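Note sheet for the following structure.
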Amino acid sequence: HEETSERRGNAMFDAMYKTASFENFKPERFLSQGSIEINGKEVPYQTVCEDNVFYNNAGKPIASIFSYSYIRTDVKDRKNRPVIFGFNGGPGASSMMVHVGFLGTKRLKYMDDCNQPSTLPPYEVIDNFNCLLDVADIVVVDPVATGYGLLLDAESADQFLAIEPDAEALLTFISCWLTKYSRWMSPKYLLGESYGCIRSAVAAGIASGGGKKRSYSMAFDGLILIGNSITTGRYFNQDIPTELSVLAFPTAAALNWYHRHPTQQSLETFVGEARAFAERDYLLALFRGNDLSPEEYADILRRTAFYTGISEAYLDEHLLRFREEDMVTQILREKGEHLSRYDGRITLPRFTSQMGTNFSTVKDDPATAKYGPYFHAALCGELFPALNIHLERDFVPSAALHGDRFVRETYDRLSGQQLSSAMRRCPGMRVFFASGWYDVCTQIGMAYYLINHAYLPKDRTFIKGYPSGHMLYIGEENIKALNDDIRTFLRGEDPSKAVSKS
């Protein structure tokens, strides 16, 4: 049934582009000027928002990446000024979240309470006084067929809508952008969120070693990976040779700490203790299985329930193991609520069988329902007019219909291998993993595992958890902490040593 739905979805997607009229397509370009106060200093800048068009051998436009470039104008020597290329993931997501969430010069005003309803207007947009424009120029990217990016020729979809082609399209765009704006000598950084982390890793690996289509001879100074999706497996959690419940343990503990308050310890202390238990006693117990004595089994069962918030009865029924779905549905079972995969602080009334058979904790996600309309309205209603963007073109926040193209692709190098290879080939390249403690979608435990099992250089790899979800910049304290840590990273220092408030 799922495969039939996917084929139907692709047919709908292809039909949409075959019937759309792009015969008279002309690239668009919009300019604006502005200034913003950051850390007490006025920062003047210009923006260039434009189509970046791909052509076939006959000179016909087949696709476009849409970019939003923020360039500080009072800098004389740009050779030492970093450029950050930022994007979301999906696959199939526009850059909407990172753009209006924390990278742009205007952003959402976040609520003090993450559960406070903000789905309906009025929405409030403010100057982003945490913006990174004081230390780096920023290029926000809508990949092909997302946001204002376009797939102009349905027959060319396979050239863009798969893991390696998507990464090569990004590299081609970056290469052209660096030439157009005379920035080849500048430090270069990729900032990806969620699937954007895989895009970053694969792009960095291809850039340093050559791709299927061409070589790029490009090195990146660093990668900033928000809500890591890179793994040592084929795609996301597949083919990982360990117990997934061990990797999920830190996230389950964080959610338990937030909702059930099992201890007076700080978030970081409680999660650190839970992680140590998971990697030693719990993992060994899973390995031993029925070799555990009744007393040993009861002790592991009790401590697992204490740290995760999942009931002893449920864990006993599932032989001490739990899945992502168990965290979402079990931690607040007494209240009849399920948690958001994207931000486990946010809840909805639990699904019941009367709601139908199409229920999904992804599609029926509390955080998506809460923040999606807010981000979309703020981007199109406030930020785009400020950037002087006037397009009749529809902005597509997420084009999920072609996501299965990425999932089913078999590619030459796994994303973890690509990242490891890039760091080996580029001895100065550094990587910063920034993860939300309450992110069930891309759990921080997977990043810990990746660092150790993809053999990433420990002296150039940094990881930090934040008291937030998948979009870990949500919240006034979180956005300040993240951007301050990115500034630290750009200076060549260790961002993981700063202490975040819980």
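Just so we're clear, the structure is a prediction, and the values are computed from it rather than from any experiment.
Taking a 6.0 Å sphere around NZ of Lys180, one finds it holds more than 12 heavy atoms contributed by other residues, nucleotides or ligands.
Residues Tyr258 and Trp437 keep their aromatic ring centres 6.0 Å or farther apart. Tyr371 and Tyr342 have their aromatic ring centers separated by at least 6.0 angstrom.
Considering only residues two or more places apart in sequence or on other chains, Asn57 meets the side-chain contact (heavy atoms from CB on, under 4.5 Å) condition with none of them. Applying the side-chain contact (heavy atoms from CB on, under 4.5 Å) criterion to Ala422, with sequence neighbours excluded, gives Ala204, Ser208, Met429.
Two residues are said to be in side-chain contact when any heavy atoms from C-beta on lie closer than 4.5 Å; Pro143 and Asp166 meet this criterion.
With no hydrogens or angles considered, a side-chain donor-acceptor pair links Asp439 and Thr442 at under 3.5 Å.
Between Tyr45 and Tyr70, the ring planes lie tilted relative to each other; the angle falls in the 30° to 60° range.
Distance CG/Asn88 to OH/Tyr195: 13.0 Å, rounded to 0.5 Å.
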Side chain to side chain contact (heavy atoms under 4.5 Å, CB included) assessment of Phe129 paired with Glu37: CA-CA 6 Å; Phe129 47 85; Glu37 184 176 313; over 6 Å; no
Test log, rule ring pair (Phe, Tyr, Trp, His ring centres under 6.0 Å), inputs Phe160 and Phe54: CA-CA 10 Å; Phe160 303 98; Phe54 295 81; 5.2 Å; yes
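The pair Asp51-Arg29 does not meet the salt-bridge criterion, since no charged nitrogen lies less than 4.0 angstrom from a carboxylate oxygen. Note on Asp485 versus Lys464: salt bridge recorded, some NZ/NE/NH1/NH2 to OD/OE distance being below 4.0 Å.
Partner Phe66 forms a ring-ring contact (aromatic ring centres under 6.0 Å, His included) with one of Phe87, Phe395, Tyr148 and no other, that one being Tyr148.
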